[in-house]
Amino acid sequence: MVTHPPYLYPDYASTVLRAPSREPLPMKEDPEAAELTGPVFGHGEVDPLDADLTAGHAGEPLGERIIVTGRVLDASGRPVPGTLVEIWQANSAGRYAHQRDQHPAPLDPNFTGAGRCLTDDEGRYRFVTIKPGAYPWRNHPNAWRPAHIHFSVFGTSFTQRLVTQMYFPGDPLFAFDPIFRSIPDPAARERLVAAFDLDVTEPEWALGYRWDVVLGRTPMEDA
Amino acid sequence: MTTPSQTVGPFFGFALPYAADWELAPEGHPGAVTITGRVLDGAGEPIPDALLELWTGEAGTRGALGRTGAGVSGFGRCGTAPDGSYRFRLVPPARPYLALLVFARGLLKPVRTRVYLADVPDPLLGSLDPARRATLLARPDGQDVYRFDVRLQGEQETVFLEF
């Protein structure tokens with residue numbers, strides 16, 4: 001019940017005028033509901049190179065090269081194969097390749113920071129990227145976001161759709177970040193923190209992190 | 001032990017949109033309609049950094065992300081413009097409604113709703129009082145165009161469904 005954050009969390013100021021004031025209605029029992037299905041993504045739609053965020057530019061991006069991998073699972077622990085995973089992030093200096101990001105940290109001409117892949121038969125995804133930097137935002141005085149990678153995951157039904165953020169272990173900014181702290185249950189919060197993994201790490205090449213994504217139940221499974 | 005949701009933030013614009021993502025059907029496709037509207041906050045102000053995802057419940061022949069060929073897709077995505085507006089061109093599905101998800105900076109989890117293209121007998125519509133029910137009905141607005149605003153908060157707040 002307390003896995004997800006509430007809509008209204010005033011410490012994160014942007015929620016104040018955007019949080020719905022009424023409780024969302026429970027899903028009606030309807031086995032034909034459109035939301036119990038979801039889009040299917042074909043391999044022709046996703047280029048395997050899209051999973052390497054360090055490629056596709058004239059040179060190597062600056063920063064700490066990392067591998068981020070894990071599995072997408074449903075609430076019963078079953079792998080979700082063939083689902084779309086999209087990521088986006090700031091560069092190693094904490095700057096997004098977005099025209100409205102005004103943080104005075106350098107843009108990296110060799111890093112855009114967006115990638116996508118489909119999970120394999122065992123629900124596994126894998127990205128090669130650069131460890132993102134922390135960056136300031138204007139939520140409150142001296143507000144800094146912990147380093148994070150945004151994740152977008154689909155699952156098998158539209159009601160499993162998840163957009164979240166993966167954080168890095170031991171970040172000193174966790175205690176001060178209202179977006180991370182908006183999750184009421186501290187144990188649930190920790191599920192957003194990846195684990196450093198020497199087995200994923202590749203010698204002379206990149207540090208490895210492991211992070212699994214568990215999607216919520218469909219309403220029919222809840223019943 | 002599901003993974004908690006976090007906000008999409010303001011800077012998804014270089015990552016999530018893809019070519020022709022709002023066009024579930026090509027221009028001139030027989031029977032295609034356009035749905036347009038705005039996403040508004042509790043002060044009635046437009047939200048310029050929201051992302052909408054539309055799912056018709058039918059896969060179609062065009063691929064979810066691919067937009068080549070003359071077929072139709074069941075999935076679309078559209079970021080809001082500076083005036084909070086969005087649009088989708090699609091072929092209406094067999095069901096009277098479309099499933100809609102809205103992500104935005106300031107939404108720690110998306111809101112989910114339905115866009116009904118016709119006021120028909122329906123278990124969800126039937127459970128709502130007239131004022132609330134009206135928030136789920138798209139309004140015809142000229143030939144082959146429907147208007148549907150999403151109001152995240154306030155008196156005319158859109159009916160949202162559990163997520």
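To find a chain, count down the sequence lines: A is the first, B the second, and so on, and within it residues start at 1. Predicted model, so just to flag it, every value in this text is computed and none were measured.
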Interface moiety of [X] toward chain A, non-hydrogen atoms closer than 4.5 Å:
X      : value
B:F103 : side chain
B:R114 : side chain
B:A59  : neither
B:L98  : neither
B:S73  : neither
B:L128 : side chain
B:V8   : both
B:F12  : both
B:R67  : neither

Under 4.5 Å heavy-atom distance to chain B, tell me which part of A:V153 shows up: side chain, backbone, both or neither.
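Neither part; nothing is under 4.5 Å.
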What part of A:I183 gets closer than 4.5 Å to chain B, counting heavy atoms only: side chain, backbone, both or neither?
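Contact with chain B: side chain only.
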Nearest 0.5 Å please: distance from the [atom1] atom of [X] over to the [atom2] atom of [Y].
X     : Y     : atom1 : atom2 : answer
A:E45 : B:R62 : CD    : CZ    : 11.0 Å
A:L17 : B:L40 : CG    : CG    : 12.0 Å
B:E45 : A:R18 : CD    : CZ    : 10.5 Å

Using ring centroids (six-membered ring only for Trp), state whether A:Y135 and B:F11 fall under 6.0 Å.
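B:F11 vs A:Y135: aromatic centres not under 6.0 Å.
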CD/B:E162: more than 12 non-hydrogen atoms of other groups inside 6.0 Å
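Yes, enclosed.
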Check whether more than 12 heavy atoms from other residues, nucleotides or ligands sit under 6.0 Å from atom CZ of A:R100, and answer yes or no.
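Atom CZ in A:R100 is crowded, with more than 12 foreign heavy atoms closer than 6.0 Å.
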Taking it one step at a time, do A:T37 and B:W55 satisfy side chain to side chain donor-acceptor pair (under 3.5 Å)?
CA-CA 9 Å; A:T37 61; B:W55 171 236; 3.1 Å; yes
Any side-chain heavy-atom pair of [X] and [Y] under 4.5 Å:
X      : Y      : value
A:L25  : B:L124 : yes
B:F160 : A:Y7   : no
A:R161 : B:R112 : no
B:S5   : A:L162 : yes

What are the two closest non-hydrogen atoms of B:R105 and A:S14, and how far apart are they?
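Between these two residues, the closest heavy atoms are NH1-OG, 2.7 Å.
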Residues A:V163, B:L16; criterion side-chain contact (heavy atoms from CB on, under 4.5 Å); working and verdict
CA-CA 11 Å; A:V163 168; B:L16 295 179; 5.6 Å; no
Looking at [Y], is its backbone amide N or carbonyl O close enough to the side chain of [X] to form a donor-acceptor pair, meaning the two atoms are under 3.5 Å apart?
X      : Y      : answer
B:T3   : A:V214 : yes
B:Y97  : A:A34  : yes
B:Q153 : A:S21  : no
A:T164 : B:P4   : yes

Salt-bridge contact A:E32-B:R95 (side-chain N to carboxylate O under 4.0 Å):
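B:R95 and A:E32: not salt-bridged.
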Is it true that B:Y18 and A:E86 share a donor-acceptor pair across their side chains at a distance under 3.5 Å?
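On atom types as modelled, these side chains do not qualify, holding no pair under 3.5 Å.
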